[in-house]
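Order of the sequence lines sets the chain letters (A, B, ...), proteins ahead of strands, with each chain counted from 1.
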Number of protein chains: 2
Amino acid sequence: MKAPHIAILDDEPEIRRMLSDALEEAGFRTTAYARAGEFEVGLKRSAPDVCLVDLGLPDRDGLALVHRLALESGAAIIIISGRAQVQDRVTGLELGADDYIIKPFDPAEVVARIRARLRKGRTEAAPSLQRARFADWVAEFDRYVLIAPDGTETPFSHAEGEVLRLFLDSPKRLISRAQMQEALGGGAGESFDRAMDVRISRLRTKLGEDPKNPRLIKTIYGAGYIFLGDVSWN
Amino acid sequence: MKAPHIAILDDEPEIRRMLSDALEEAGFRTTAYARAGEFEVGLKRSAPDVCLVDLGLPDRDGLALVHRLALESGAAIIIISGRAQVQDRVTGLELGADDYIIKPFDPAEVVARIRARLRKGRTEAAPSLQRARFADWVAEFDRYVLIAPDGTETPFSHAEGEVLRLFLDSPKRLISRAQMQEALGGGAGESFDRAMDVRISRLRTKLGEDPKNPRLIKTIYGAGYIFLGDVSWN
DNA sequence: CGTGATTTTTTCCCAATTCTTACGAATTCT
DNA sequence: AGAATTCGTAAGAATTGGGAAAAAATCACG
């Protein structure tokens, strides 16, 4: 996939520089403009995926430009502005901007917000993968399948998946029984519930755990459970 | 078009109140939850268009919740948080949030940001296309015909088409039984409705699914259905 | 309006999953 | 060590979904 293209419009050279450095560092292509006129010419040449627009332009009313962009271009529009009043942000967003960042800003946040915009546009085309890897295992949550280190596929049920997901979301951290109850059953269940143990038991079986010496799902007697193993989502 | 539905998750009653008031004033439907558990139960019942999530929850790790939401729900996710560090914002956004609002906030800005999210989501999905391709199949909704990989044409009924469209609109995503009821029958119907199963059953037959091992429409026992297969509309 | 064809819902029964019950094993308290 | 608590798991019970066929509703057409 081609690197997304970000257009930058800002009249201050240092800010242009800072932004393009940070964005290219993050793997984007960038084009920077100092004036609205050049910017619009550039737009005709190639359509960027995201436009970063500074409202404090000397040569044009920034908000009007944003409004036009929002209507005509399919790109996500992020306003950068020194004006911090709520009213400014509200009008900027109402006019069609997708986000509004206040100066002074941290480039890392700009990158994160750009990624969020791109992600949203893209999920329509390429559905997000729900897949986690841990200790040579792979869990595919959209197919409800667990792939063992030797490649064997084992289906897991929704109930098992809920438990597994809870573990994979907070690896190497103690999860109390009460937390788990709430996360799963949502339950007012004050009753002695073995249901949870059963779910965990079945999950352990599918993960091929040795009951005497579990390596992934460890019981902390009187406290809860802890999932060992490095998890990476992708 | 029905008013967009906003789900609110915040443990502080005044904030819940302030948000729902402002949002309903702005013409949205809202549902507010105080705890992550209730929130997740509510999600299964009906899918909101936007989720407002406070990270400072007493009963759950908010970021893990956001991550999960981002993966499995189609909704836009907006984090509300008292943590104002850039690093907090970056990780929140990287984990899948679409926006990050810092407390204290102005309700008007929340409304504006929600509108921005909805606007974006809608323009992508708006042009109602009549033809979808998935896994070597083609569905032509204007002719009510399904074209098999071998070229055979099979007509499908309106009811079957509704189900199919629902699946093709959110592929690889769990669709709960309640959601489906709502999307189709518009149903106040609390009655045990086997009608839906029958529709799905017929659709599966027309798609030539093997009942023992369905590859496209998978049943998640006790949770709903999920459509596997890459979909492209045109 | 009526008749027949198509579509949709209901009914009934079987299969899969999940919860509950029961009991034994492991751990902690006294 | 002995008792009490907490956890693991097998087996039966209760839910929930799949699918065939009958009943009901809707549509097509004269």
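Rounded to whole Å, the distance from NZ on B:K206 to C1' on C:dT8 is 12 Å. To the nearest angstrom, P of D:dC7 lies 11 Å from CE of A:M180. Counting to the nearest Å, the P atom of D:dG19 and the CG atom of B:L203 are 12 Å from each other. Going from atom CG of B:D197 over to atom P of D:dA20 covers 13 Å, rounded to whole Å. Separating the CZ atom of B:R194 from the P atom of D:dG18 is a distance of 9 Å, rounded to the nearest angstrom. The CD1 atom of B:I175 sits 15 Å away from the P atom of D:dG17 (whole-angstrom rounding). Atom pair A:M196:CE and C:dT18:P shows a separation of 13 Å (rounding to whole Å applied). Look at CD on A:Q181: it is 11 Å from P on C:dC19, rounded to the nearest Å.
In this structure, B:H158 and B:Y144 have tilted ring planes: the angle between them lies in the 30° to 60° band.
Using a 3.5 Å distance cut-off with no hydrogens or angles, the side chains of A:R177 and A:Y225 do pair a donor with an acceptor. A:T219 and A:R204 share a donor-acceptor pair across their side chains, judged by distance under 3.5 Å alone.
In terms of heavy-atom proximity, A:D98 sits nearest to A:A75 at OD2-O, 4.2 Å. Here the closest non-hydrogen pair linking A:L168 and A:A132 is CD1-CB, 3.8 Å.
Judged by the 6.0 Å and 45° rule, B:R165 forms a cation-pi pair with B:F141.
In terms of phosphate contacts, A:R199 brings a side-chain nitrogen or oxygen within less than 4.0 Å of OP1 or OP2 of C:dC19. For the OP1/OP2 pair of D:dT6 and a distance below 4.0 Å, the side-chain nitrogens and oxygens of A:Y225 include no atom meeting the criterion. Side-chain N/O atoms of B:T219 include none lying less than 4.0 angstrom from OP1 or OP2 on C:dA16. Taking 4.0 angstrom as the limit, B:K212 places none of its side-chain polar atoms (N or O) nearer than this to OP1 or OP2 of C:dA15. The side chain of B:Y144 places no N or O atom within less than 4.0 Å of a non-bridging phosphate oxygen (OP1 or OP2) of C:dT7. Between B:T205 and D:dG19 there is no side-chain polar atom (N or O) within less than 4.0 angstrom of OP1 or OP2.
Residue-to-nucleotide proximity on DNA chain D shows that, of B:P211 and A:A223, the 5′-proximal contact is made by A:A223. Projected onto DNA chain D by closest heavy-atom contact, B:V198 and B:I220 fall at different nucleotides, the more 5' of which corresponds to B:I220.
Put simply, the side chain of A:Y221 and the base of D:dT6 share a donor and an acceptor less than 3.5 Å apart. A donor and an acceptor atom never sit less than 3.5 Å apart when one is taken from the side chain of B:R204 and the other from the base of D:dG18.
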Got a list of side-chain donor-acceptor pairs under 3.5 Å for residues 208-217 of chain A, not counting sequence neighbours?
unit_1 : atom_1 : unit_2 : atom_2 : d
A:E209 : OE1    : A:L216 : N      : 3.4
A:E209 : OE2    : A:R215 : N      : 3.2
A:E209 : OE2    : A:L216 : N      : 2.8
A:E209 : OE2    : A:I217 : N      : 3.0
A:D210 : OD1    : A:K212 : N      : 3.2

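Which of C:dT8, C:dT18, C:dC19 sits closest to the side chain of A:H158 comes down to C:dT18.
Note on B:F156: nothing from the nucleic acid sits closer than 4.0 angstrom, heavy atoms only. Across all strands, B:R202 comes closer than 4.0 Å to base atoms (heavy-atom distances).
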Stepwise side chain to side chain contact (heavy atoms under 4.5 Å, CB included) test for B:R113 and A:L93: CA-CA 7 Å; B:R113 287 189 179 268; A:L93 293 165; 3.4 Å; yes
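In this structure, the helix from C:dC1-D:dG30 to C:dT30-D:dA1 shows an angle of 40° between the axis at its start and the axis at its end, each fitted on 5 base pairs and rounded to 10°.
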